[in-house]
Chemist: 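Pasting a structure here, questions to come.
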Amino acid sequence: MTILDRLHRSCARFAQKTALSFDERHPTFADLDGGSNAAARVLSAFGVKRGDRVALYASNSLEFVLAYLGTLKLGAIALPINPAYRDAELAHILGDATPRLVVADRDGLGRVDAVAPDAVVAVLEIERGEVERPTTHRPVHAFMSALRKTGMGPLDVTVEREDDALLVYTSGTTGKPKGALLTHANLIDNALALIDAFGWTEHDRLVHALPLFHVHGLCVALHGALVTGSEVLLESRFDAARILEHLARFEATLFMGVPTMFSRLADVATAVRLPDLRLCICGSAPLQDAVAERFARRFGIEPLQRYGMTETLITFSQRHDRPRIRGHVGFPVAGIEARIVDATNTPVADGAVGELQVRGTSVGRGYWNDEAATRAAFVDGWFKTGDLARRDAHGGETALVGRARELVISGGLNVYPAEVEQAIAHHPDVAEVAVFGVPDPDFGESVAAAVVLREGATLTSAALDAFLVERIASFKKPKVWRVVRALPKNAMGKVQKDVLRDHA
Ligand code: MLC
């Protein structure tokens, strides 16, 4: 069984029910099924075959959903890319994943053209309103127009559980994003496990304000809705006041988000009440108790916490029918085993802190084109999460207490300092740089940088910020800059980021 089989089942049961609302359009489950069949045919006409990668370089839209499902229906691999990525990040991903086709919106199109003029055969433009003549040398095809002219009947392609389905690039420890590969089995098994943990049924109504280009929005939110046959209001972006209004008007029963979203929702100054909302699910970053408290006080709902990673999908969750303990992420979901180990990979006793390792149905194969990174990610078949965890006494809930690796999670987005350090180090006036995370009231954590300038250089933080604009996605740019005379180092010559963090 795959997500596609379950989508098919939802279509058979709820053919005429609205599946998804976006931008004044309200396709039914039958429309989604037919539309994604047509999308598969359009992609196939461009030569996309089983195993090929199809890049989806765009923000949320109905077209994104159709192109994604169409890709899966061909047995091809969907490659969602954050549209915030700048030239270097995009060039790396396109060069590494070598997609046969890129589906992009207008902005994305120009960027693909600039960074990969020859790497990609064709580009399908997601039209929004008027289509102007594109400024590209390569043939550009209007996706929705092509879709309307194409047959909606089922395709003669069989997709197996072990087929690769999804390739998502995550910020890399070594400075370059790495592609985490997930199979159809990973996707469906995790969707079913989460549906059980959340008590999700066809009667639920989800306001979906997460980006579809990450696994939270795609695999947790969208897959769950397609599999259960529940209705979704898809948002193009997160705007707290607007989302609150939509939650009320749509009579949403479910909402999912990253901690920043819960924090911003709790701060909206309106009297809106949400009597239909039964469950709010928070993940992708640690939820601070204070944020949970503010949200619970405002809306009378304690967010349910779950834990995951792109590479493993969601491996821990609290349950909808059990009390929620703040600062905890519940238990391993169905199909997942977990252990907490010391530096020799020996399990520690309950109550002790160690690295969390997981294995089971949703843990992906590893990294695309990178056997060394894949080998390093696993030990004896266990995936090393790099997160430090503690299981409460007597096999109770697990709490995440820190990270074994340097990683900043800003508003639910992963940023590895090495990647930002490399970008800053390219500036000719920079002698040394260290990037680290600092607490942030909105994003939970944000990126900070300490820079040592070359002799005689007089660089301002504004100039450094401007230097980074076209080099890295803006969410990775430091929000706090310090120009320092020297970086604090230990006896081994390693930069003491905890010292920098304390100063910042
Ligand atoms: C936006 N900005 C951020 C940021 N998001 N800066 C730091 N951290 C972030 N997370 C910056 C932009 O770069 C921009 O800067 C400015 O804020 C305005 O951009 P925006 O797009 O209008 O921001 P906003 O809508 O406010 O976005 C905030 C957000 C968004 C929280 C809604 O970041 C978001 O959707 N986060 C969710 C990410 C997610 O889905 N993660 C799941 C990964 S999967 P400038 O300089 O250009 O003005 C995973 C596995 C799991 O982790 O377990 O789920």
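When a ligand or atom number is given, it counts from 1 through the structure's own listing order. Below, all heavy atoms of this structure are taken into account, side chains as well, without hydrogens, waters or symmetry copies. Along the sequence shown, residues are numbered consecutively beginning with 1. These numbers were taken from a predicted model, which means no experiment stands behind them.
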Chemist: Examine His427 together with Phe467 and report whether their ring centres are nearer than 6.0 Å.
Modeler: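 Judged by ring-centre distance (under 6.0 Å), His427 and Phe467 do meet the cut-off.
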
Chemist: Does any N/O atom on Pro211 come nearer than 3.5 Å to any N/O atom on ligand 1?
Modeler: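 By distance alone, the answer is no.
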
Chemist: Output the list of atoms in ligand 1 that are nearer than 4.0 Å to some heavy atom of Val258, sorted by atom number.
Modeler: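 Atoms satisfying the 4.0 Å criterion: 37 (C).
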
Chemist: Within a distance under 4.0 Å of any heavy atom of Val215, pick out the atoms of ligand 1 and give their elements.
Modeler: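 Near Val215, the atoms of ligand 1 are 44 (S), 50 (C).
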
Chemist: Are Lys476 and Glu419 ion-paired here, with the side-chain N under 4.0 Å from a carboxylate O?
Modeler: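 Salt bridge: yes.
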
Chemist: Checking a contact table here: which protein heavy atom is nearest atom 10 (N) of ligand 1, and how many Å away?
Modeler: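 The protein heavy atom lying closest is Ser410 O, 2.7 Å.
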
Chemist: Under 4.0 Å and counting heavy atoms only, is there anything from the protein next to atom 18 (C) of ligand 1?
Modeler: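 It does not; no protein heavy atom is within 4.0 Å.
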
Chemist: What protein heavy atom lies closest to atom 15 (O) of ligand 1? Include the residue and the distance to one decimal.
Modeler: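 Residue, atom and distance for the closest contact: Ser474 OG, 3.5 Å.
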
Chemist: What is the nearest protein non-hydrogen atom to atom 4 (C) of ligand 1, stated with its residue, atom name and distance?
Modeler: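 Sorting protein heavy atoms by distance from atom 4 (C) of ligand 1 puts Phe443 CE2, 3.5 Å first.
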
Chemist: Nearest protein heavy-atom contact for atom 54 (O) of ligand 1: which residue, which atom, what distance?
Modeler: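 Its nearest protein heavy-atom neighbour is Ser284 OG, 2.6 Å.
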
Chemist: Ignoring angles and geometry beyond distance, decide whether Gly308 reaches within less than 3.5 Å of ligand 1 through its nitrogen or oxygen atoms.
Modeler: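 Min N/O separation from ligand 1 is below 3.5 Å for Gly308.
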
Chemist: Between the side chain of Arg86 and the main-chain N/O of Ala84, is any donor-acceptor distance below 3.5 Å?
Modeler: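 Such a contact is found between Arg86 side chain and Ala84 backbone.
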
Chemist: Specify whether Phe378 and Phe383 have parallel, tilted or perpendicular ring planes, treating 30° as the upper limit for parallel and 60° as the lower limit for perpendicular.
Modeler: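 Geometry flag for Phe383 against Phe378: perpendicular rings.
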
Chemist: Would Lys476 count as a contact residue for ligand 1, given that I'm defining contact as a non-hydrogen atom of the residue lying under 4.0 Å from a ligand atom?
Modeler: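 It does not, in that no heavy atom of Lys476 comes within the 4.0 Å cut-off of ligand 1.
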
Chemist: Among His216, Arg306, Glu445, which one puts a heavy atom closest to atom 53 (O) of ligand 1?
Modeler: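 Closest candidate by heavy-atom distance is Arg306.
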
Chemist: Does Ser446 come within less than 4.0 angstrom of ligand 1, counting non-hydrogen atoms of the residue?
Modeler: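 Outside the 4.0 Å threshold, so no.
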
Chemist: May I ask which of Asn414, Thr310, Thr260, Asp465 has a heavy atom nearer to atom 31 (C) of ligand 1 than the others do?
Modeler: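 Looking at heavy atoms only, the winner is Thr260.
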
Chemist: So which protein heavy atom does atom 20 (P) of ligand 1 come closest to, and at what separation?
Modeler: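 I find the closest protein heavy atom is Arg237 NH2, 4.0 Å.
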
Chemist: Give a yes or no on whether a salt bridge exists between Arg294 and Asp267, defined as a side-chain N under 4.0 angstrom from a carboxylate O.
Modeler: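 Result for this pair is yes, salt bridge flagged.
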
Chemist: Would a search of protein heavy atoms around atom 26 (O) of ligand 1 find one under 4.0 Å away?
Modeler: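 Yes.
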
Chemist: Quick check against the 3.5 Å criterion: does Asp204 have a side-chain atom that pairs as donor or acceptor with the backbone of Ser230?
Modeler: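 Such a contact is absent between Asp204 side chain and Ser230 backbone.
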
Chemist: Would you call Arg403 and Glu445 a salt bridge, taking side-chain N to carboxylate O under 4.0 Å as the test?
Modeler: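 Counted as a salt bridge, because a side-chain N and a carboxylate O are separated by less than 4.0 Å.
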
Chemist: When you check the gap from the basic side-chain N to the acidic O, do Glu355 and Lys384 get nearer than 4.0 Å?
Modeler: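 Salt bridge flag = no for Lys384 with Glu355.
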
Chemist: For atom CD of Glu470, decide whether the heavy atoms of other residues, nucleotides or ligands shown that lie under 6.0 angstrom number more than 12.
Modeler: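 Result for CD/Glu470: enclosed.
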
Chemist: In terms of residue, atom name and distance, what is the protein heavy atom nearest to atom 11 (C) of ligand 1?
Modeler: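 The closest heavy atom on the protein side is Lys479 NZ, 4.1 Å.
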
Chemist: Is the distance between the ring centroids of His503 and Phe436 under 6.0 Å?
Modeler: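 No.
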
Chemist: Between Ile314 and ligand 1, find which residue part has any heavy-atom pair under 4.0 Å and reply side chain, backbone, both or neither.
Modeler: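 Only the side chain of Ile314 comes within reach of ligand 1.
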
Chemist: At what distance is the nearest protein heavy atom to atom 38 (C) of ligand 1, and which residue and atom is it?
Modeler: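 Answer for atom 38 (C) of ligand 1: Leu413 CD2, 3.5 Å.
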
Chemist: Are Tyr57 and Phe213 an aromatic pair by the rule of ring centers under 6.0 Å?
Modeler: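 No - the distance between ring centres of Tyr57 and Phe213 does not fall below the 6.0 Å cut-off.
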
Chemist: Output yes when Glu235 and Arg242 qualify as a salt bridge under the 4.0 Å nitrogen-oxygen rule, no when they do not.
Modeler: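 Yes.
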
Chemist: List every atom of ligand 1 that sits less than 4.0 Å from any heavy atom of Phe238, numbering the atoms from 1 in the order shown and giving each element.
Modeler: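 Listed by number with element: 25 (O), 32 (C).
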
Chemist: Which ligand 1 atoms, with their elements, are less than 4.0 angstrom from a heavy-atom of Gly412?
Modeler: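 Listed by number with element: 38 (C), 39 (C), 41 (N), 42 (C), 43 (C).
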
Chemist: Do any non-hydrogen protein atoms sit less than 4.0 Å from atom 48 (O) of ligand 1?
Modeler: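 No; the ligand atom in question lacks any protein heavy-atom contact below 4.0 Å.
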
Chemist: Does the salt bridge (charged side-chain N to carboxylate O under 4.0 Å, His left out) test come out yes or no for Glu397 and Arg319, once each step is laid out?
Modeler: CA-CA 11 Å; Glu397 285 202 29; Arg319 285 195 59 86; over 6 Å; no

Chemist: Suppose I only count heavy atoms of Lys477 and a 4.0 Å limit; which atoms of ligand 1 are within that range?
Modeler: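 Atoms satisfying the 4.0 Å criterion: 46 (O).
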
Chemist: Judged on heavy-atom distance to atom 28 (C) of ligand 1, which of Arg264, Met261, Met256 sits nearest?
Modeler: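 Heavy atom nearest to atom 28 (C) of ligand 1 belongs to Arg264.
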
Chemist: In sequence, state the C-alpha distance, the side-chain angles, and the governing distance for Arg264 and Asp442, and then conclude on salt bridge (charged side-chain N to carboxylate O under 4.0 Å, His left out).
Modeler: CA-CA 8 Å; Arg264 290 185 187 176; Asp442 184 32; 2.7 Å; yes

Chemist: What's the shortest distance from atom 36 (N) of ligand 1 to any protein heavy atom, and which residue and atom give it?
Modeler: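 Going atom by atom, the protein heavy atom closest to atom 36 (N) of ligand 1 ends up being Gly411 O, 3.1 Å.
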
